[in-house]
Amino acid sequence: MKIILLGYMGSGKTTLGEAIAHLKNIPFIDLDSYIAEGENLSVQEIFSSKGEIYFRKKETLYLKELLQKEEDFILSLGGGTPCFGNNMALIKEATSLSIYLKYQPKTLARRLIKEKPHRPLLSEINDADLEDFIRKHLFERNPFYMQANYIISMDNLTEEESINE
Ligand code: S3P
């Protein structure tokens, strides 16, 4: 079975995905890294040199390519992946195990404040406005995220507890 991890930026999709993959002994794929490898550019470089629309088109293409593979794996998506085109429908068709790592905006703001400069969509947001920005962004994105098969409220879990969940 393919396991898909989704959630907002900074929700630990990659860290958790790697840990579960290790535990279950199945391969782990990070969609952002897969895109960066395929394009020979970092995600930041793709955004700055080619723009978000180009990134979103490629994101869907690489997602489709991965979902068509025969083998099982655990895949962590980018924060926006489920929310563009018909990506969420593709995900639901290809697997029965998608998991939304759900955090409150306050926790996400705390987790993202230092990493902000490296995130194309957050780098321009002032520290003081970050939580509000995330709250609004999540309001738009939650209808997609909430289509996952499982939703885990992560705010109060330790890393070990979240792996067990
Ligand atoms: C994005 C999240 C990023 C990356 C890109 C866009 C988003 O992935 O795909 O910067 O739209 O939320 P992470 O969630 O792994 O940071």
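For clarity, every value in this text was computed on a predicted model and none was experimentally measured. When a ligand or atom number is given, it counts from 1 through the structure's own listing order.
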Give a yes or no on whether the backbone of [Y] and the side-chain of [X] come within a donor-acceptor separation of less than 3.5 Å.
| X | Y | value |
| --- | --- | --- |
| Asn87 | Thr60 | no |
| Thr107 | Tyr103 | no |
| Thr81 | Leu77 | no |
| Ser98 | Asn149 | yes |

Below 3.5 angstrom, do we get any N/O pair linking [X] and ligand 1?
| X | answer |
| --- | --- |
| Gly79 | yes |
| Gly80 | yes |
| Asp32 | yes |

Per-residue contact class, [X] against ligand 1 - non-hydrogen pairs under 4.0 Å:
| X | answer |
| --- | --- |
| Glu52 | neither |
| Leu121 | side chain |
| Thr81 | neither |
| Gln44 | neither |
| Arg141 | side chain |

- Message: If you compare all heavy atoms of Leu130 against all heavy atoms of Ala109, which two are closest, and at what distance to 0.1 Å?
- Response: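 Smallest heavy-atom distance, with atoms named: CD2-O, 3.6 Å.
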- Query: Got a second to check how far Lys116's NZ is from Leu122's CG, nearest 0.5 Å?
  - Reply: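 If I round to the nearest 0.5 Å, the distance is 7.5 Å.
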- Drop me the distance from Leu67's CG to Leu63's CG, to the nearest 0.5 angstrom.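 Output value for this atom pair is 4.5 Å.
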- Task: Looking only at protein heavy atoms, identify the closest one to atom 16 (O) of ligand 1 and say how far it is in Å.
- Result: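 Closest protein heavy atom to atom 16 (O) of ligand 1: Arg119 NH1, 2.3 Å.
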- Assess Arg56 for proximity to ligand 1: is some non-hydrogen atom of it under 4.0 Å away?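 Under 4.0 Å: yes for Arg56.
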- Task: Would you mind running through ligand 1 and noting each atom that sits below 4.0 Å from a heavy atom of Phe55?
- Result: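 Every atom of ligand 1 under 4.0 Å from some heavy atom of Phe55: 9 (O).
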